[in-house]
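Written below as structure tokens is the structure these notes are about.
Order of the sequence lines fixes the chain letters, A, B, ..., with proteins taken first and strands second; residue numbering starts at 1 for each chain. Keep in mind the model is a prediction, meaning the values are calculated, not measured.
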Number of protein chains: 2
Amino acid sequence: MTELEQYIKSYFENIQSDELNKMSALFESTTLKKGGYFLKAGKHCDKICIIQTGVLRVFAIPDKEEVTQWIATKGYLGTDFSSFLYDTPSRWTIQALTDTELFTLSKPNYRKVGEVIPQWTELEKLFLVKCFTALENRIFSHLSMTAEERYNLFFTQNNDLFNQVPLKYIASMLGMTPETLSRIRKKATF
Amino acid sequence: MTELEQYIKSYFENIQSDELNKMSALFESTTLKKGGYFLKAGKHCDKICIIQTGVLRVFAIPDKEEVTQWIATKGYLGTDFSSFLYDTPSRWTIQALTDTELFTLSKPNYRKVGEVIPQWTELEKLFLVKCFTALENRIFSHLSMTAEERYNLFFTQNNDLFNQVPLKYIASMLGMTPETLSRIRKKATF
DNA sequence: AATTATTCTTGATAAAGATCAAGAAATCAG
DNA sequence: CTGATTTCTTGATCTTTATCAAGAATAATT
């Protein structure tokens, strides 16, 4: 199984191996330089990517400061679902924090996935439910946990990320200031 | 168009009128007394409901106190997607805050929807993306807004709810204590 | 390697929100 | 209707987190 196929399988669990093969053939390899954009807010999102190497940051720029919604690494899937599937302007900007290698799936090729894999809609539905559930959990963390607790949880699950990206983005993603994150981390080392 | 059909149409926008008819026929009418449960955490969720009248509260009970994840009124759809579609134990308890009339769709009937409506999987996918996007917005509100701002936003969008349910649940759903909500509301009236 | 820019840390202070406690108001049950 | 229960409000206080500012550390650029 290729690297890409492994990632696809991790998302669409019950996919068959021959289908996996057909699906992965629809992806293309591309790269992004550090600072390059995969998607800009306001534009229409016409592709999905799976990250092979590097880090992408999903963020929005409301009135004042940037707000980092998510940081995606190796194996993560990146897109603006709403923009991609409803063909509306994207709310998110997706930018490379490091040089990045991507497997991308264009919209025309995305449409072909359904032709190639009969049970695709079922797999896709289950995948979206998984995404939905992950967001439910994240909301729950904001309703029931302190900044420190959210940090600890995130750190245990993503500690590889901490030497790859500026901490200020992680702070924003966790809903705290960089100063607060710094102080929490100082505490945690004792 | 019946009331139920209107609700269904609001979720699955591009549904055809004859399909709407077939789909609504798969729902059954039930009621819940105040305090009654639509779903209990740990049980398998085997149905979906659309609320005709009354209010349901979706909550979890972690270590200490209850956390209200969501409050659903007239026209809202209630279920634990993850439990319903993956057949896993539910994480949420769903309880009636008032006497409630529901349109419910059992799992067997849910499966029939796909047979009755050819484009169902596409409609369902778009619906799930809408749910996903709503949660993204909610996370965003926790990353970029104060308690007061979250209250104001929610109040403008759901002010009918405020004379129907105890404020303490709304406070929990917005991620603040009842005391804080009370103080914010006092401010807002001047 | 030296300069510049960015990021991180630390301290002092302010503001937001939580907690605890008690009384008022509203709701519920008999 | 009445007593009991729940919910809401208010005050006092404490904790958490944000803000502002400045220096240290790190990374990027030439």
Subject >> Base of C/dC20 paired with side chain of B/E179 (donor-acceptor, under 3.5 Å) >> reply: yes
Subject >> Protein-nucleotide distance (B/E65, atom CD; C/dC20, atom C1'), rounded to Å >> reply: 13 Å
Original post:
Nearest to the side chain of A/L167 - C/dT9, D/dT17, C/dG17?
Top reply: C/dT9
**OP:** Round to the nearest Å and state the distance from A/H142 atom NE2 to D/dT16 atom P.
**Re:** 18 Å
Original post:
Quick one: are the ring centres of A/F132 and A/F81 less than 6.0 Å apart?
Top reply: no
Original post:
Is any side-chain heavy atom of B/F103 less than 4.5 Å from a side-chain heavy atom of B/C49?
Top reply: no
Subject >> Side chain of A/K168 - closest among C/dC8, D/dT9, D/dT19 >> reply: C/dC8
Subject >> A/T177 vs D/dA18: side-chain N/O to OP1/OP2 distance below 4.0 Å >> reply: yes
Original post:
Can you tell me if the side-chain N/O atoms of B/K34 get under 4.0 Å from OP1 or OP2 in C/dC28?
Top reply: yes
**OP:** Please report, rounded to the nearest Å, how far the C1' atom of D/dC8 is from the CG atom of B/N163.
**Re:** 15 Å
Original post:
In whole angstroms, how far is the C1' atom of D/dT10 from the NZ atom of B/K187?
Top reply: 15 Å
Subject >> First of B/M145 and A/S182 reached from the 5' end of DNA chain C, by closest nucleotide >> reply: A/S182
**OP:** Flag yes if A/M1 and A/F27 sit in one hydrophobic cluster, no otherwise; membership is Ile, Leu, Val, Met, Phe, Trp, Tyr, and two members link when side-chain heavy atoms are under 4.5 Å apart.
**Re:** yes
**OP:** Rounded off to whole Å, could you give me the CZ-to-P distance for the A/R185 and D/dT17 pair?
**Re:** 16 Å
Subject >> Distance, rounded to the nearest Å, where A/L181 contributes CG and D/dA18 contributes P >> reply: 10 Å
Subject >> A/W120 and A/F12 aromatic ring geometry - parallel, tilted or perpendicular at 30°/60° bounds >> reply: tilted
Subject >> Residue-phosphate contact under 4.0 Å: B/K186 side-chain N/O, D/dT9 OP1/OP2 >> reply: no
Original post:
Atom CE of B/M176 to atom C1' of D/dT17: distance rounded to whole Å?
Top reply: 16 Å
Original post:
Does B/Y169 or B/R183 map to a spot on DNA chain D nearer the 5' end, using the closest nucleotide for each?
Top reply: B/Y169
Subject >> Residues B/L56, B/L102; criterion side-chain contact (heavy atoms from CB on, under 4.5 Å); working and verdict >> reply: CA-CA 10 Å; B/L56 296 183; B/L102 302 173; 4.1 Å; yes
Original post:
Could you state the CZ-C1' distance from B/R150 to C/dA16, rounded to the nearest angstrom?
Top reply: 11 Å
